[in-house]
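Each remark here refers to the structure printed beneath this line.
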There are 2 protein chains.
Amino acid sequence: MFTFTPIGYVRSSYKTTQEIPKGLGAEHKAEGRLEILPEFEAGLTDIEGFSHLFVIWIFDRSEGFDLLGTPPSDNRAHGVFATRSPRRPNPIGLSVVELLGRKGTVLHVRGLDMLDGTPILDIKPYLSSIPTESLRRGWLAEAEARKQK
Amino acid sequence: MFTFTPIGYVRSSYKTTQEIPKGLGAEHKAEGRLEILPEFEAGLTDIEGFSHLFVIWIFDRSEGFDLLGTPPSDNRAHGVFATRSPRRPNPIGLSVVELLGRKGTVLHVRGLDMLDGTPILDIKPYLSSIPTESLRRGWLAEAEARKQK
């Protein structure tokens, strides 16, 4: 067992999960803040140079998990590790956000899909992308194709 | 505080951190396996459809953290949240791997940068990329530019 303590918290306009865009074509354009605890401020040095960040966080209002579940983007069930469901064996979330600016321990970001108050475990620079032409998106691409028919 | 239990373990040829390619131009082409525990097998349903996966794991052989550190790719110090240093407040690792195939609870992957035996916390599908032209890579791009001079 491994124990983690938040390094900060998300400040967003989302108070309930119903408010967060989901499903096919959902866009995450919401702006908000990542408020890092004062004792970790030095750890943010030079982060302004990066346009995008990985944020690793906790689905702290999710309880239990389902190994199979039907995501909002499909009408068929898929394995939890092939989805971004909050009901995971370890309820860890991962988001890519655009860094708009930093003031001290506060990061202003765009692209939030987390509830207000969500605990943050880690932040890492987003360094490289898989070229679109070599990316396969499994059941999600199939669900999109079915929708377009 | 949040407590997590591994869903599986990495099998790689890396027995020590010295063996893992690091620094500017380091390429992660190593093949290996993600061995998921039998009780989570159903959670892997349909994962074969994805070409790339996010793997969230634990730097289980790292102790303590440094808010500022000099990464192998530079000769200047940067904040821990602007680097991929293993010495983080929460020692969580994030890797993108290419999924080569699945046999039951074993995922064959390429692009490992973890030590053999590394505990895995979560796996998620890699769904989208930031277009290269909108990606800024901060101190890393500067370190690369200095090296080329």
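The figures that follow rest on heavy atoms only: side chains count, while hydrogens, waters and symmetry mates do not. To find a chain, count down the sequence lines: A is the first, B the second, and so on, and within it residues start at 1.
The contact between Leu135(B) and chain A is made by backbone and side chain atoms together, counting heavy-atom distances below 4.5 Å. Both the backbone and the side chain of Ile123(A) come within less than 4.5 Å of a heavy atom in chain B. At a 4.5 Å heavy-atom cutoff, Glu98(B) makes no contact with chain A through either its backbone or its side chain. With a 4.5 angstrom heavy-atom cutoff, Thr5(B) touches chain A via backbone and side-chain atoms both. Interface remark: Leu121(B) contributes backbone and side-chain atoms alike to the contact with chain A (heavy atom separation under 4.5 Å). Contacts of Glu39(B) with chain A are made by backbone atoms alone, with heavy-atom separations under 4.5 Å and no side-chain atom involved.
Phe59(A) approaches Lys124(B) most closely through the heavy-atom pair CE1-NZ, 4.5 Å.
Between chain A and the residues Leu44(B), Leu99(B), Leu68(B), Leu127(B), the most heavy-atom pairs under 4.5 angstrom are made by Leu127(B). Heavy-atom pairs under 4.5 Å with chain A were tallied for Gly138(B), Pro119(B), Ser128(B), Ser51(B); the largest tally goes to Ser51(B). In terms of non-hydrogen atom pairs under 4.5 Å with chain B, the most contact-rich of Pro125(A), Pro131(A), Ala42(A) is Pro125(A). Interface check for chain A: of the options Leu140(B), Leu94(B), Val96(B), the most heavy-atom pairs under 4.5 Å are formed by Leu94(B). Note on Ile47(B), Ile58(B), Leu53(B): by heavy-atom pairs under 4.5 Å with chain A, the leading option is Ile58(B). Comparing Thr132(A), Asp46(A), Asp60(A) by how many heavy-atom pairs each has under 4.5 Å with chain B, the most go to Asp46(A).
The hydrophobic cluster containing Phe40(B) also contains Leu34(B), counting ILVMFWY residues as joined when their side-chain heavy atoms lie under 4.5 angstrom apart, directly or transitively. Connection of Phe4(B) to Val55(A) is not established within any shared hydrophobic cluster, with ILVMFWY side chains joined at heavy-atom distances below 4.5 Å, either directly or through further cluster members. Hydrophobic clustering (ILVMFWY, side-chain heavy atoms < 4.5 Å, transitive): Trp57(A) and Trp57(B) are in distinct clusters. Transitive grouping of hydrophobic side chains (ILVMFWY, heavy atoms separated by less than 4.5 Å) keeps Ile36(B) and Val106(B) in distinct clusters. No single ILVMFWY cluster, assembled from side-chain heavy atoms under 4.5 Å apart, contains both Met114(B) and Ile56(A).
Counting side-chain heavy-atom gaps under 4.5 Å among Ile, Leu, Val, Met, Phe, Trp and Tyr, the cluster of Ile20(B) also holds Tyr14(B), Leu115(B).
In this structure, the ring pair (Phe, Tyr, Trp, His ring centres under 6.0 Å) partners of Phe54(B), at least two apart in sequence or on a different chain, are Phe54(A), Tyr126(B). Considering only residues two or more places apart in sequence or on other chains, Glu19(B) meets the salt bridge (charged side-chain N to carboxylate O under 4.0 Å, His left out) condition with none of them.
With hydrogens and angles disregarded, a donor-acceptor distance shorter than 3.5 Å links the side chain of Ser129(A) to the backbone of Ile130(B).
Residue-level contacts of residues 73-93 of chain B with chain A, in order of numbering, are Ala77(B), His78(B), Gly79(B), Val80(B), Phe81(B), Ala82(B), Thr83(B), Arg84(B), Arg88(B), Pro89(B), Asn90(B), Pro91(B), Ile92(B), Gly93(B); threshold 4.5 Å between heavy atoms.
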Please walk me through it: do Thr45(A) and Trp139(B) pass side chain to side chain contact (heavy atoms under 4.5 Å, CB included)?
CA-CA 10 Å; Thr45(A) 305; Trp139(B) 64 261; over 6 Å; no
